[in-house]
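Working notes, structure below.
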Amino acid sequence: MAQLLLNGLALGAAYALVALGFVLVLNATGAVNFAQGDMVVAGGYAAVAFAGLLPDMPGILLLPLVLALMAGLGLLFSALAYFPLKRRPPTAVFISTIAGGIILQNGITALFGSAPRSAPLLLGEGGFQGQGFLADRQTLAILGVAALLILGQHFLLSRTQLGRQLRATAQDRDMAQALGVPVNRMIALTFALGAALAGAAGLLLANRFFVTPTSGGDLMLKAYIAVAIGGWGSLPGAVLGALLIALFEVLIAGWISYTVASVALYGALLVILFLRPQGLLGEAAQRRA
Amino acid sequence: MERASLRGMGLFGILAGALLSWAIWDGSPYGPRVVATAGTYALLILGYHFIFGQAGALSLAQGTFFGLGAYVTAVCATRWGLGFEITFPLAILLPSAVAMLVAGSVLRLASHYFALATLGIAQVALLIATSWQDVTGGATGLSGLPGIVLFGMAVPRGWPLAAFVWGLVGLGVLLADRIAGGVRRLAYETLREDPNAAAASGIGGARLRFLAFALSAAYGGAAGALHAHTVRVVSAQVLDFGMMITCLAMAVIGGRKRIAGALIGATLLVLLPEGLRFLADYSMLIYGVALLVTIVAAPDGIAGLLGERAPAFLPQAAPPPPKPAKGGLDLRDISKRFGGVIALDGVTLGLRPGEILGLIGPNGSGKTTLVNIATGFERADRGKVGFAGETLSSRPPDDIARRGIARTFQTPALVPGMNVLDTVAVAGGSSHPEIHHSRILARAAECLERMGIGTVAATSCGDLPPGAQRSVEIARALALDPSVLLLDEPAAGLNETEQSELGARLRVLAARGLAILVVEHNMPFLLGLADRVICLDRGRIIAEGTAAAIQEDPKVIAAYFGTEP
């Protein structure tokens, strides 16, 4: 049980990074980024590629490289899939990000093939044996890195001038623009931040669970569900939602089977949508006119 | 048929010719199979058009309906040996039933949640198909499907099957054009672009969306059935998200608002990978790039690039006879608050047939709220809306409009890209659902004449000056054959000549038995027009009388200008 909880927390921490990136973009643009899961996969493969170039490096040292590369990818993504459509209805952006996701997924397949790959361990082997559970170094490192990134993101948004501008953009784009906030630059930065967080999640997940080019869709759904549960647009809600669904998934999968866990998760999502279309914790995203 | 559709069909003809020549040149049994595959996709996308193109809702379950149809066919044909005459209707019915079952819940959701909910449904279907091995064969699926046997007659593989599939596509096109063509297409466009305009035109959004979702599932199931017989193997791949991506790419690239777009998208995206076989490993990558480029550069797809909207044609048919007026409006003790603000506080007023009643009051006095409540756009907290002996208080706005209480808006609610005649015809179509398109258009033209705007019938609403837009709204209201007409500031933006013309037209309408309420600030306009004027202030009626008397009423003057100290 303790083992399941620990594993669930580690998985949830990685999901939380994905969901955070998803919400950041959602708040800044009012649009759903359907490629968020594929960004995670891209981060995982970036880690695999860097590990190939720099053998014997522990995974943790690859993190800055992955973050930087993914931030660049996020900028490119916004330039291709968001900015040309920013005056159009959210559905258009939804479709363009679906297209972006397909391109990422199949681009990765073309570069790396479709076999599962694995990134290096974050801090090497080892761990300590608790009573009835093993807290291995990898699990703890996943938790630690995710917690640091979530806190860092929180600090960036709440304590810095840049964060204030990002939040102003997310709250009311037109008002922010009128007050002299460079709104377009902020939106591009948000995409970069969202992609970097997704990439970090990719690095964290890519050792234990491996990465395949097609695993993005599932991760995107998890992020989407986490955000729907946590309140559309709420950052703490997204983290909470991610932890909840990861624990749910790990516990049900541990007791019954992974399939039952997934069906139950989607079933729960549908029930939540029908009963409380504004999410369990209320809706916070800006409405687009 | 419209000019744009002709061009679209022409392009489809060229693509179909290319596909056929390629298949004949290829010479192998693979050729006709590819032609049949293009047909199954065409049917799938024709269905997707209903929900995604017409209703404008991004459903991610269209691939699922396709997969369900394929599984129903495979299970019935391989396990029980049932013929096509039984499996085909079942393959259509099951997905439709699923769609109708979930429609009530998912169609209420806002766009992003609708997409997510349909995606959730798709995932559940996929997981069930891979886990329920006894029936579905699990991940390997079901193989060895027999060919199509219809009432004991076999349709051989190869070209006969391809011809059979395309015959059904032809039927699907005719049916789609009957169901969602003509005035119905305009109604869907109004619903997509401006829900208020739709409600004021008497269009029930929920009903139209339900119809679109059920039809998309029915077409998807039919396409899945044909796919199962073409490929003869059904595995979980048909329920995979990749199928949905293919479907989305075809709909967007071909163009999601015209029938020709479905045919173009399906044929092109089947033909393209065959033509670029050296790139075969990258076909999904190509789909992705093509989808991104299309959504950025040509939001209405290839079919949308081919032509402008056809000009309105002036109809020759006889318009339907007007419906008799049913009676006046009876508002009893209406109250409404928004948070801490009391918008209406126990307002009671009656509006008799043939009467023109003016409603004045300072800004924020509750005039528009009263109109909204009488027409169902807002729900009163207390009180009763009575009309022709019935209570309408809890009915939806489109239903109230069809029953005969029509309205206009303070800021005109019109679809900018739709021409004037079509805009009015949408309302005519909703109140006379059984009457043919040409007679509806004749009726619409008659309403334009009554408002003196017959000359702008072919102009897009967005290109008209504000005054003319108000007249279009009144003409649209008249197309509903209303008994009661509620006009929210109809004279705003009109010069004096236009105002007196409008007044004269309204008097003619009242003389025919219409009950008319005019919300106005413009006292000179009301002076010559209204039989009676009521003044609202902070949600209460403070004065009632002739226009001349109201103008002198100290309470009215105080409400507008404040009291002297």
Side-chain angles (χ1 to χ4, degrees), chain A residues 26 30-32 34-35 80-81 83-85 88-110 214 217-218 220-221 224-225 227-228 232 257-275 277-279 283 285 287-288, chain B residues 52 56-60 102 104-106 108-132 138 192-193 240-242 244-246 248-249 251-253 256 279 281-297 299-300:
Chain A
L26 173 74
V32 166
F34 204 85
L80 292 178
F83 282 106
L85 296 165
R88 298 248 291 276
T91 310
V93 178
F94 204 134
I95 295 170
S96 77
T97 59
I98 291 179
I102 304 169
I103 295 170
L104 266 178
Q105 180 184 326
N106 291 283
I108 290 170
T109 312
T214 50
D218 201 37
M220 195 288 310
L221 254 174
Y224 210 147
I225 296 172
V227 173
W232 200 243
S257 81
Y258 184 74
T259 310
V260 173
S262 299
V263 171
L265 186 61
Y266 299 133
L269 163 77
L270 293 177
V271 170
I272 288 171
L273 283 180
F274 299 156
L275 296 182
Q278 68 280 35
E283 186 144 335
R287 290 249 172 246
R288 282 181 57 139
Chain B
F52 180 51
L58 179 59
S59 161
L60 295 177
V102 297
S105 322
V106 295
R108 278 181 322 177
L109 298 169
S111 62
H112 50 260
Y113 284 141
F114 177 72
L116 175 59
T118 49
L119 185 58
I121 291 165
Q123 291 296 313
V124 171
L126 176 63
L127 285 168
I128 291 175
T130 43
S131 328
W132 197 12
R192 275 197 316 270
E193 301 287 329
D240 197 67
F241 193 60
M244 188 59 233
I245 296 289
T246 306
L248 185 65
V252 169
I253 292 171
R256 61 183 166 121
L279 291 174
D281 292 346
Y282 305 106
S283 68
M284 282 310 277
L285 192 61
I286 296 170
Y287 277 19
V289 174
L291 183 57
L292 184 59
V293 170
T294 312
I295 196 78
V296 169
D300 286 336

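Since the model is a prediction, treat every value here as computed from it, not as a measurement. In what follows, chains carry the letters A, B, and so on, assigned in the order in which the sequence lines appear, proteins first and then strands, with residues in each chain numbered from 1.
Put simply, the side chain of Arg88(A) gets close to the backbone of Ile295(B): a donor and an acceptor are under 3.5 Å apart. Although no hydrogens or angles enter the test, the distance criterion places no donor-acceptor pair under 3.5 Å between the side chain of Thr294(B) and the main chain of Ile253(B).
Applying the salt bridge (Lys or Arg N to Asp or Glu O under 4.0 Å) test to Asp240(B) and every residue at least two apart in sequence or in another chain returns nothing.
Proximity to chain A (any heavy atom under 4.5 Å) is shown, for Leu285(B), by both the backbone and the side chain. Residue Leu248(B) touches chain A through its side chain alone, counting heavy-atom pairs closer than 4.5 Å. Contacts of Phe114(B) with chain A are absent, with no heavy-atom separation under 4.5 Å from either backbone or side chain. Both the backbone and the side chain of Ile103(A) have a heavy atom closer than 4.5 Å to some heavy atom of chain B. Contact annotation for Val252(B): only side-chain heavy atoms (C-beta onward) come within less than 4.5 Å of a heavy atom of chain A.
For the set Ile245(B), Ile128(B), Thr130(B), the entry with the most heavy-atom pairs within less than 4.5 Å of chain A is Ile245(B). Comparing Leu292(B), Leu127(B), Leu116(B) by heavy-atom pairs within less than 4.5 Å of chain A, the highest count is held by Leu116(B). With chain A as the partner, the residue from Gly242(B), Gly120(B), Gly56(B), Ala117(B) showing the most heavy-atom pairs under 4.5 Å is Ala117(B). The candidate with the highest count of non-hydrogen atom pairs below 4.5 Å against chain A, out of Leu126(B), Val293(B), Val289(B), is Val289(B).
When every heavy atom of Leu85(A) is checked against every heavy atom of Ala92(A), the shortest pair comes out as CD1-O, 3.8 Å.
Taking the side chain as every heavy atom from C-beta outward, Met220(A) and Leu119(B) approach each other to under 4.5 Å.
One distance of note links OG1 of Thr91(A) with CZ of Arg192(B); it measures 11.5 Å at 0.5 Å rounding.
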Can you give each donor-acceptor pair under 3.5 Å made by side-chain atoms of residues 93-102 of chain A, sequence neighbours left out, with the distance rounded to 0.1 Å?
{"from": "Ser96(A)", "atom 1": "OG", "to": "Ala81(A)", "atom 2": "O", "distance (Å)": "2.6"}
{"from": "Ser96(A)", "atom 1": "OG", "to": "Val93(A)", "atom 2": "O", "distance (Å)": "3.0"}
{"from": "Thr97(A)", "atom 1": "OG1", "to": "Val32(A)", "atom 2": "O", "distance (Å)": "3.4"}
{"from": "Thr97(A)", "atom 1": "OG1", "to": "Phe34(A)", "atom 2": "N", "distance (Å)": "3.0"}
{"from": "Thr97(A)", "atom 1": "OG1", "to": "Val93(A)", "atom 2": "O", "distance (Å)": "3.2"}
{"from": "Thr97(A)", "atom 1": "OG1", "to": "Phe94(A)", "atom 2": "O", "distance (Å)": "2.8"}

